[in-house]
Visitor: 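I am attaching a structure below and will ask some questions about it afterwards.
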Amino acid sequence: MIKTVEIGRNVKKYRKQKGLTQVELAKRVGISKIHMSHVESGVVSMSMECMLRLCEQLNITPNHLLLADHQIQQDRVILREAMDGLTADEIGYVVKTIDLLKAMKINRKEPQKGE
């Protein structure tokens, strides 16, 4: 059974990755800040329509909210399989790209009040 607390935790994680506050995301989705807070804390569930608008604003799929840990594991398997057969130089480029992505994450805007 999918738990609202887990979904809320995933909403918060992806919102922070985007550098958005709860207020900013709530406004984009068309819900109140209070409702967004309740969704993230798992106090309430959200409608399918609300989930789809959230996913659109966060540029993710519902699977990321519903099955985040499972999705990450699947993505890792896909990445490992994609690297099979690459040359040493190509693997080096992949590693450099990952390093750049990590550096970009470090430099992302930190959410302010109202997160």
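Every value quoted in this text rests on a predicted model; they were computed, and no experiment measured them.
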Visitor: Please determine whether side-chain contact (heavy atoms from CB on, under 4.5 Å) holds for the pair Leu65 and Cys55, giving the CA-CA distance in whole Å, both sets of side-chain angles, and the decisive distance to 0.1 Å.
Guide: CA-CA 8 Å; Leu65 296 182; Cys55 290; 3.7 Å; yes
Visitor: Is His35 reaching over with its side chain to a backbone N or O of Ser32, donor-acceptor style, under 3.5 angstrom?
Guide: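 Judged by distance alone, no pair lies under 3.5 Å.
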Visitor: Let me check something: any side-chain donor-acceptor pairs from residues 41-49 under 3.5 Å, sequence neighbours excluded? List them with distances.
Guide:
| unit_1 | atom_1 | unit_2 | atom_2 | d |
| --- | --- | --- | --- | --- |
| Ser41 | OG | Ser37 | O | 3.1 |
| Ser41 | OG | His38 | O | 3.2 |
| Ser47 | OG | Cys50 | N | 3.0 |
| Glu49 | OE2 | Arg53 | NH1 | 2.7 |

Visitor: Start with the C-alpha distance between Met51 and Leu66, add both sets of side-chain angles, then the distance that settles side-chain contact (heavy atoms from CB on, under 4.5 Å), and finish with yes or no.
Guide: CA-CA 10 Å; Met51 181 183 293; Leu66 301 171; 3.8 Å; yes
Visitor: Can you run down the salt bridge (Lys or Arg N to Asp or Glu O under 4.0 Å) pairs that involve residues 81-92, sequence neighbours left out, and say none if there aren't any?
Guide: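 Counting only pairs at least two positions apart or across chains, no salt bridge (Lys or Arg N to Asp or Glu O under 4.0 Å) contact touches residues 81-92.
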Visitor: Would you say Glu24's side chain and Thr21's backbone share a donor-acceptor pair under 3.5 angstrom?
Guide: yes
Visitor: Hey, any chance Ile91 and Ile98 share a hydrophobic cluster, counting ILVMFWY side chains that come within less than 4.5 Å of each other, even indirectly?
Guide: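 Linked, Ile91 and Ile98 end up in one cluster.
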Visitor: Please test Tyr93 against Leu86 for side-chain contact (heavy atoms from CB on, under 4.5 Å), starting from the C-alpha separation and ending with a verdict.
Guide: CA-CA 10 Å; Tyr93 290 127; Leu86 293 180; over 6 Å; no
Visitor: Could you please spell out the steps behind the side-chain contact (heavy atoms from CB on, under 4.5 Å) verdict for Leu54 and Arg28?
Guide: CA-CA 8 Å; Leu54 254 173; Arg28 290 181 182 194; over 6 Å; no
Visitor: Got a second to check how far Lys96's NZ is from Leu101's CG, nearest 0.5 Å?
Guide: 14.5 Å
Visitor: To the nearest 0.5 Å, what is the distance between CD on Glu56 and CG on Leu52?
Guide: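 One finds 9.0 Å between CD of Glu56 and CG of Leu52.
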Visitor: Roughly how far, to the nearest 0.5 Å, is the NZ atom of Lys13 from the NE2 atom of His64?
Guide: 8.0 Å
Visitor: Determine whether Glu40 and Arg15 satisfy the following criterion, salt bridge (Lys or Arg N to Asp or Glu O under 4.0 Å), listing intermediate values before the conclusion.
Guide: CA-CA 10 Å; Glu40 285 191 4; Arg15 173 183 57 77; 2.5 Å; yes
Visitor: If you round to the nearest 0.5 Å, how far is OH of Tyr14 from CG of Leu58?
Guide: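 One finds 9.5 Å between CG of Leu58 and OH of Tyr14.
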Visitor: Who are the side-chain contact (heavy atoms from CB on, under 4.5 Å) partners of Val5, not counting sequence neighbours?
Guide: Arg9
Visitor: Tell me whether the count of non-hydrogen atoms from other residues, nucleotides or ligands lying under 6.0 Å of NZ in Lys27 goes above 12.
Guide: no
